[in-house]
Amino acid sequence: MFNLEATLFCGQAFGWKKENSTYQAVLDNRLITLDQENPFSTITKDPYLNHYFDMEYPYAEAESVLQKKDSHLASLITAHVSIHILNQDPFQTMISFITSQNNTIKRIRSLLEKLSQQCGREVEEGLYSFPTADELLRHAGEDTLRSLGFGYRSPYIIEAARSHNLLEEVARQDDEESARTLQRILGIGAKVAACILLFGFGRKDVFPLDTWTKKIMKKYYPTSEPSFFSPYGGIAQQHLFYHERQMIEAHW
DNA sequence: GGCCAGGAGGCCT
DNA sequence: AGGCCTCATGGC
């Protein structure tokens, strides 16, 4: 059991939709439908979903270590129950977080959906898979991406698709070296590289530093660095980020 | 209500 | 330090 809502909508994945009383996404050319009331039986029965939702990772232990480290995080983890880090496809993760730069979650979701419609396969009426690198390059050039609204990120996405073979190297390298490898791709800097490693390669100790998490560090941990949360920086970051987003949404 | 800056989970030059 | 695509948002 974990917090599915937080896991799906706290900014690590952009393809899930809340539809009637279900959550839906296309994963690996398959339409996945989870019942909001009872999603976990579906997940645990399906080996693919079991891995996608990272059910094999010992979250209880990681959370316990983080809770002992600091009281702020302790209360957040207690409140959130458990947020999992999804094992997403590395290529999809790379394109998604290139798209995310200087952008809002709403627009990121919309852009990636358009990209899937343009380049992916229609798995069910109106529902498209996320394209592979080859599919993307076959069905879209820089001009197509610009017309879809990707703006200056368009050449970055083409470049990343052409460089998708680097992802195999990344998988074999440690956190620091793999971050450097990713940053060889035009349009990928330190922040986007960190997101790809955490959300596409399960690197639980990578802590993406962006405008939000920098503010969070300044506010709650003015004398600490993200390495304070090691070896679970990525998990800590999810709880800190999710909480800060909640505060803003609650303000409405 | 309409207009217009400044910002949005960065990165490049 | 500035510029970049585009769009939703808030301030006048």
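Checking A:Ser21 against A:Gln36 by side-chain atom types alone, no donor-acceptor pair falls below 3.5 Å. For the 3.5 Å distance criterion, the side chains of A:Glu63 and A:Ser82 qualify, holding a donor opposite an acceptor. Side-chain N/O atoms of A:Thr181 and A:Gln173 include a donor and acceptor closer than 3.5 Å. In this structure, a donor-acceptor pair under 3.5 Å is present between the side chains of A:Asp205 and A:Ser230.
No cation-pi contact links A:Arg109 to A:Trp16, judged by a cut-off of 6.0 Å to the six-membered ring centre and 45° from its axis.
The same atom, C1', is picked in C:dC7 and in B:dA5; the two are 13 Å apart, to the nearest Å. Using atom P as the reference point in both B:dG6 and C:dG2, the two lie 13 Å apart (nearest Å). Between the P atoms of B:dG1 and C:dG10, the separation comes to 15 Å (whole Å). Comparing the C1' positions of C:dC4 and B:dG7 gives a spacing of 14 Å, expressed to the nearest Å. The gap from the C1' atom of B:dC11 to that of C:dA8 amounts to 22 Å, rounded to the nearest Å. Using P as the reference atom, B:dC3 and C:dC5 are 25 Å apart when rounded to the nearest Å.
Looking at A:Tyr156, its side chain has no donor and acceptor atom pair within 3.5 Å of the base of B:dG10.
Mapped onto DNA chain B by nearest heavy atom, A:Pro208 and A:Leu186 fall at different nucleotides, with A:Pro208 at the one closer to the 5' end. Residue whose closest nucleotide on DNA chain B sits further toward the 5' end, between A:Gln183 and A:Gly11: A:Gly11.
Close to B:dG10, at under 4.0 Å from its OP1 or OP2, lies a side-chain N or O of A:Thr211.
A salt bridge links A:Glu142 and A:Arg146; the closest N-O separation between the charged side-chain nitrogens and carboxylate oxygens is under 4.0 Å. A salt bridge does not link A:Arg180 with A:Asp174: every distance from a Lys NZ or Arg NE/NH1/NH2 to an Asp or Glu carboxylate oxygen is 4.0 Å or more. The pair A:Glu113-A:Lys17 meets the salt-bridge criterion, with a side-chain N (NZ, NE, NH1 or NH2) lying under 4.0 Å from an Asp/Glu carboxylate O.
One can place CD of A:Glu113 at 16 Å from P of C:dC7, the figure rounded to the nearest angstrom. Following rounding to the nearest Å, A:Arg107 (CZ) and B:dA8 (P) show an atom-to-atom distance of 15 Å. Note: CG (A:Asn102) to P (C:dC7) measures 14 Å, nearest angstrom. Following rounding to the nearest Å, A:Lys106 (NZ) and B:dG7 (C1') show an atom-to-atom distance of 16 Å. In this entry the distance linking CD1 of A:Ile108 with P of B:dA8 reads 13 Å, nearest Å. At whole-Å resolution of the value, CH2 in A:Trp212 and P in B:dG10 are 10 Å apart. If you take CZ of A:Phe150 and C1' of B:dA8, they are 16 Å apart, rounded to a whole angstrom. Between the CZ atom of A:Arg109 and the P atom of C:dA8 there is a distance of 15 Å, given to the nearest Å.
Relative to the side chain of A:Arg153, the nucleotides C:dC5, B:dG10, B:dG9 differ in distance, and C:dC5 lies closest.
Nucleic acid contact class of A:Arg146 (heavy atoms, under 4.0 Å, all strands): sugar-phosphate only. Nucleic acid contact for A:Ile105: base, since at least one base atom lies under 4.0 Å from a heavy atom of the residue.
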For DNA chain B, the dot-bracket pattern of Watson-Crick and G-U pairs whose distances stay under 3.5 Å, | for other-strand partners
.||||.||.||||
